Amino acid sequence: MMNLLEAHDIESYFDIRGGLFGRIQSYVKAVNGVSLNVGEGEIVSVVGESGCGKSTLGLALLGLQKIRSGSLSFQGESINVNDFKSWQGLRKDLQIIFQDPYTSLNPRLTIYESLSEPLLLHGICKKSELKDKVGYLLEQVELKPEMMDRFPHSFSGGQRQRICIARVLGIEPKLIVCDEIVSALDVSVQAQILELLLKLKESHNLSLLFISHDLAVVRAISRRIYVMYLGRVVEEGPSEMLFHQPKHPYTKALLDSIPTLDRSRRPVLLEGEVPSPTNLPTGCAFASRCKYKSEKCGELPQRSGLDDQSYYCHNPLN
Amino acid sequence: MGKLLEAKNLSIALPEDGGQVILTEGISFDIQKGEVYSLVGESGCGKTITALSLLNVLPTANASMLTGEVLFNDQDLLKLPEKDLCKIRGKDIAVIFQEPSSAMNPLMKVRAQLEECYLLHQLEVNHEAIDLMLKEVGFADPERVLNSYPHELSGGMLQRVMIAMALLLKPKLIIADEPTTALDVTIQAQIMDLLDRLRREHDVSILLITHNLNLVAQYSDRVAVMYAGRMVEEAGVEEFFAKPCHPYSKGLLRALPKMGSAVSTLEPIQGQVPLPKNFVPSCRFADRCSQVVESQCCSAPIAFKEVGPQHKVACVLEQK
Amino acid sequence: MRIFSDLTQARLVRFRKMRRAYYSFWVLSVAYIFSLLATLLVNDRPIYFSYQGESYFPIFCHYTEQDFGGQYLTEANYNNLLQNEHFLDKASSIISPPIYQNPLRSHLYLEDAPPHAPSWDHWLGTDESARDVLARLIYGFRNCMSFSLLLTIAIAILGILIGGIQGYAGGLTDLISQRLIEIWASLPFLYVVIIIGSIYERGFFMLVAILALFSWIGLSYYMRAEFLKLKNMNYIRVARALGLSKTRIFFKHILPNGLTPVVTLLPFSLIGGISALTSLDFLGFGLNPPTPSWGELLSQGLKNLHAPWITVSTVCALFITLMLAAFIGEGVREAFDPKGDEK
Ligand SMILES: Nc1ncnc2c1ncn2[C@@H]1O[C@H](COP(=O)(O)OP(=O)(O)OP(=O)(O)O)[C@@H](O)[C@H]1O
Ligand code: SF4
Ligand code: SF4
Ligand SMILES: [Mg+2]
């Protein structure tokens with residue numbers, strides 16, 4: 001399988017400014033050296049704690065967030081991450097869908113206007129065919145074409161999310177980053193949207209980078225998972241293996257804190273201070289909360305493990 | 001233990017095109033001191049508006065018609081003048097809203113918004129308490145969070161700020177509307193543990209609105225299931241998960257994603273919650289119910305009846 | 001295609017339902033349109049007559065005495081002419097304005113010293129220079145409405161542009177301009193007007209420009225806020241991801257959604273403009289005399305307390321205008337931002 005997107009050692013920081021003239025005082029190290037790849041036709045997920053930099057990573061991979069260092073390549077060609085033009089050329093192939101379906105559509109544009117804008121911009125179809133094309137796209141996401149003249153506020157969350165999917169489908173991208181696209185929706189609607197996404201993935205030969213904090217969703221949809229903690233990937237591997245044999249203590253902690261119907265099995269709490277992303281420790285970032293910590297953990301753990309499951313930990317679980 | 005809050009026969013209607021649409025009707029329940037009471041159901045069932053109506057803060061307050069009684073500390077909150085209600089809101093009863101990004105002012109730093117909680121109730125700002133509370137909801141660096149504007153925080157972080165804000169004044173009742181949907185499981189566990197501790201140590205009561213039945217099972221004492229503006233089942237948690245009675249409750253339990261299941265094995269309840277304008281007087285679940293008995297289910301309203309100790313159900317199958 | 005989005009439509013409907021505001025809007029608009037036609041309606045020369053078979057438009061053209069058989073090359077005196085029988089013989093189809101007054105003409109031939117009390121000729125009396133108060137009120141209304149409207153437009157443009165760019169650009173641009181604005185805002189406005197007024201002539205447009213330079217700041221704060229908020233909406237991010245250009249995003253996706261504060265503030269800035277011009281005129285730093293103005297009338301009234309018709313009529317006019325504008329403002333605000341927002 002060829003790698004569609006390859007990211008190497010991506011860093012993306014936010015400046016913290018202060019004082020009268022807004023000098024940069026420190027950085028929020030939101031993404032702190034992440035490498036990942038997405039194969040053609042693959043669904044890859046990124047999970048991790050709230051605020052660990054998942055969304056920032058997603059935005060950075062699309063050039064919507066400044067990348068400080070690192071290299072990116074798409075379809076084997078490397079992208080000049082600091083050049084606006086080189087991103088502009090990728091707009092058609094790389095797309096994103098966001099969590100909150102309520103703010104993802106311009107409230108002043110009809111669905112038709114929202115959907116036709118990118119089609120015209122990328123010259124996908126002629127003006128005369130726009131109506132048909134928009135109707136066709138709505139059908140693809142199982143909505144009625146008659147709905148195209150309505151405004152976003154008359155749709156439910158699930159419907160809006162479908163519309164957002166239709167909008168990016170229109171320009172036929174190769175890779176879609178889905179940032180928490182179902183977490184604002186009801187469980188039953190979630191399942192419908194996920195099913196739709198899987199179906200479209202097959203029929204349109206899409207690759208998906210699925211960002212989520214919901215392990216059940218991630219597990220249901222993806223083959224390969226990256227687990228992030230404080231701006232870094234701590235473990236990656238096939239979902240079956242991560243869920244059954246987590247190697248990294250944080251992955252294990254994630255699994256242990258999932259609530260179940262069984263009242264005798266309370267979710268396990270992670271104890272200990274979380275370091276601030278403005279002031280990360282030089283060693284393993286998880287050390288302050290890790291039960292397996294040892295002397296060595298003061299040094300940054302290197303990538304280890306087999307080919308498909310790898311982890312960044314000095315004392316991996318077995 | 002005693003009753004902290006009692007809602008009696010709450011109904012909410014919205015005027016529309018001359019007539020009115022009934023959003024919820026005949027909702028009655030009570031919350032004991034130090035109890036976690038959960039409301040579950042799909043979206044569109046009226047969970048959020050029921051919770052908001054307790055404080056008379058419905059989004060279209062001036063237009064909607066709210067009837068019934070909400071007794072809190074022997075006063076009917078719905079009859080209380082706005083001025084007195086404001087003293088209770090936020091102080092005795094706090095709400096954690098579902099959408100943090102719209103519930104916070106985008107132009108004010110988090111610090112100012114937290115301090116405002118105190119100022120609104122003419123209390124002295126307690127900076128230590130703010131720091132402590134932010135740590136409690138899992139922030140490593142309260143200082144940075146306080147100095148940030150809402151858009152500089154991630155969705156989950158905002159949600160936690162909202163929670164901290166609600167808990168700051170040590171309310172007696174916390175209305176938590178999907179408090180952890182934007183959070184990952186480790187932080188969810190932390191927040192739920194915090195709420196649980198407040199309940200154990202300070203006798204705080206919690207009205208938990210969620211669609212995550214796992215959370216209900218873990219942390220709640222009693223649970224009520226709402227469907228299309230009505231309560232269809234109410235029971236103690238153990239009883240509810242041991243023998244759910246209403247076909248809708250059973251459906252919800254079956255639809256629960258289990259760890260390790262693929263999407264295709266989920267068993268969603270087919271169909272959708274009807275829109276309020278299509279509400280019928282008889283059982284509203286009938287068109288999605290696999291056990292429907294046309295002659296009985298679709299003619300008259302179904303009574304909400306006791307079927308066991310503290311267990312009420314509105315379904316003909318249980319009322320023979 | 002629809003001209004207005006649902007949202008705008010709903011707001012218009014809501015505004016129309018607010019009777020008081022809706023009617024105020026019409027009354028004020030109609031009054032202003034009439035005042036724009038004041039040259040035709042309130043004037044002391046005929047709109048049209050034909051003289052010896054030729055058409056004359058005295059309001060718009062300059063004719064001399066000689067044109068009508070007089071001796072001099074001075075401007076024709078139509079008051080005298082209209083009483084002159086020779087003239088009336090040759091002239092026909094004379095159309096006169098309904099209110100035969102000129103705000104600038106002094107009626108010094110009247111008995112007594114001015115100001116004169118209300119009479120049949122001068123319904124609201126005359127001021128201390130024996131000029132008709134009604135005519136001056138009407139022209140004053142036109143001046144101050146035009147002034148305020150222009151001012152409002154200028155404020156809107158400046159406020160939207162500066163606040164919008166600040167909010168959209170964010171970061172350092174925002175920070176630095178915010179400091180500059182704070183300095184700008186602390187300049188004592190009245191002194192600046194006095195100083196500039198003493199150097200240059202205090203013309204109509206000059207005053208609009210100066211006032212505008214000092215009044216856009218409030219609006220720019222709102223716009224900045226609105227843009228900061230909108231910039232972080234997902235649909236803006238989506239637009240960027242789709243590859244739309246920055247200008248297109250600014251004008252198509254952010255601006256239309258960010259105009260709410262402008263529209264709600266407009267009626268109030270109208271009120272502000274009226275009050276500002278009136279007070280400046282009152283203090284004597286406003287429009288150059290003898291331009292008809294309410295502020296100047298008020299200061300005359302104050303000097304001539306024995307002539308209450310000046311004060312009373314001006315205060316009434318001012319009060320009614322401000323009240324109508326306030327009603328409109330209230331209605332607009334209510335229509336745009338009803339308690340419990342539309343979702
Ligand atoms: N505009 C910004 N300015 C400053 N800091 C920011 C900004 N946006 C995000 N951050 C910081 O970057 C870090 C990562 O945020 P990000 O949104 O990527 O988290 P996330 O993993 O998506 O979390 P969640 O699961 O809660 O959505 C956080 O510490 C956040 O405060
Ligand atoms: S490197 Fe050390 S501290 Fe970090 S996760 Fe592994 S054992 Fe724990
Ligand atoms: S009353 Fe009838 S239709 Fe309603 S839930 Fe019970 S069995 Fe189903
Ligand atoms: Mg995120």
Side-chain angles (χ1 to χ4, degrees), chain A residues 14 16 18 28 30 47-56 99-100 102-103 156-157 180 183-192 194-195 198 213-217 219-221 243 250 253-263 265-270 273-279 288, chain B residues 42-44 98-99 101-102 135 138-141 143-144 147-148 152-157 159-160 178 181-190 192-193 211-219 237-238 241 251-253 255-270 272-273:
Chain A
F14 292 99
I16 296 187
V28 178
V47 295
E49 200 166 44
S50 134
C52 72
K54 304 180 297 285
S55 302
T56 312
Q99 166 175 18
D100 185 1
Y102 293 92
T103 59
S156 71
E180 312 257 17
S183 53
L185 306 174
D186 251 357
V187 191
S188 52
V189 186
Q190 269 184 9
Q192 294 168 1
L194 291 179
E195 257 172 51
L198 286 179
H213 63 256
D214 190 334
L215 292 167
V217 165
R219 181 167 192 188
I221 194 166
F243 277 92
Y250 176 65
L254 267 182
L255 296 176
D256 288 343
S257 40
I258 299 172
T260 56
L261 287 182
D262 182 4
R263 240 171 126 93
R265 214 192 126 256
R266 276 266 156 145
V268 179
L269 275 188
L270 258 182
E273 289 268 312
V274 191
S276 149
T278 53
N279 186 17
S288 58
Chain B
E42 287 162 282
S43 68
Q98 190 173 3
E99 259 181 75
S101 49
S102 58
K135 285 231 167 91
F139 284 117
D141 44 355
E143 209 34 46
R144 170 174 76 100
N147 283 327
S148 304
E152 293 172 344
L153 300 177
S154 77
M157 295 167 90
Q159 180 71 55
R160 287 185 271 160
E178 307 274 9
T181 24
L183 302 176
D184 65 290
V185 281
T186 53
I187 303 228
Q188 168 171 290
Q190 203 173 341
M192 290 313 296
D193 183 68
H211 56 243
N212 188 340
L213 286 172
N214 292 315
L215 281 186
V216 174
Q218 288 292 341
Y219 297 100
V237 161
E238 268 148 38
F241 287 102
L252 283 179
L253 280 166
L256 211 58
K258 287 166 201 71
M259 271 323 274
S261 58
V263 172
S264 46
T265 63
L266 288 182
E267 230 184 291
I269 311 172
Q270 294 305 323
Q272 272 159 9
V273 186

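Every chain is numbered from 1, with letters handed out A, B, ... down the list of sequences. Keep in mind that what you see is a predicted model, and the values were worked out from it rather than measured.
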Q: Run the salt-bridge test on D141(B) and R144(B) with the 4.0 Å N-O cut-off and return the result as yes or no.
A: yes
Q | Contacting region of L261(A) [heavy-atom separation from chain B under 4.5 Å] | A |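 Its backbone and side chain both get close to chain B.
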Q: Check whether V28(A) gets within reach of chain B through its side chain, its backbone, both or neither, counting any heavy atom under 4.5 Å.
A: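 V28(A) touches chain B through side-chain heavy atoms alone.
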Q) Can a donor-acceptor pair be found between the side chains of T260(A) and D262(A) at a distance below 3.5 Å? A) no
Which of [options] touches chain B most, by non-hydrogen pairs under 4.5 Å:
| options | result |
| --- | --- |
| T278(A), L270(A), L254(A), D256(A) | L254(A) |
| G48(A), P277(A), S288(A), A253(A) | P277(A) |
| E49(A), H213(A), R266(A), Q192(A) | H213(A) |

Measure distances from [X] to the heavy atoms of chain A and classify the residue's part below 4.5 Å as side chain, backbone, both or neither.
| X | value |
| --- | --- |
| E152(B) | neither |
| Y219(B) | both |
| V237(B) | side chain |

Please report the shortest heavy-atom distance between [X] and [Y], naming the atom on each side.
| X | Y | result |
| --- | --- | --- |
| S257(A) | V268(A) | CB-O, 3.5 Å |
| L215(B) | M192(B) | CD2-CG, 3.8 Å |
| R160(B) | L183(B) | CG-CD2, 4.1 Å |

Q. Ignoring hydrogens and geometry, is there a side-chain-to-backbone donor-acceptor pair from Q218(B) to R265(A) under 3.5 Å?
A.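 The answer is yes, because a donor-acceptor pair under 3.5 Å joins these two groups.
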(Q) Before you tell me yes or no, could you show the steps for N147(B) and E143(B) under side-chain contact (heavy atoms from CB on, under 4.5 Å), namely the whole-Å CA-CA distance, both residues' side-chain angles and the distance that decides it to 0.1 Å? (A) CA-CA 6 Å; N147(B) 283 327; E143(B) 209 34 46; 3.6 Å; yes
Q.
I need the residue from H211(B), E178(B), M157(B) with the largest number of non-hydrogen atom pairs under 4.5 Å to chain A.
A.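 With the most close heavy-atom pairs to chain A, the winner is H211(B).
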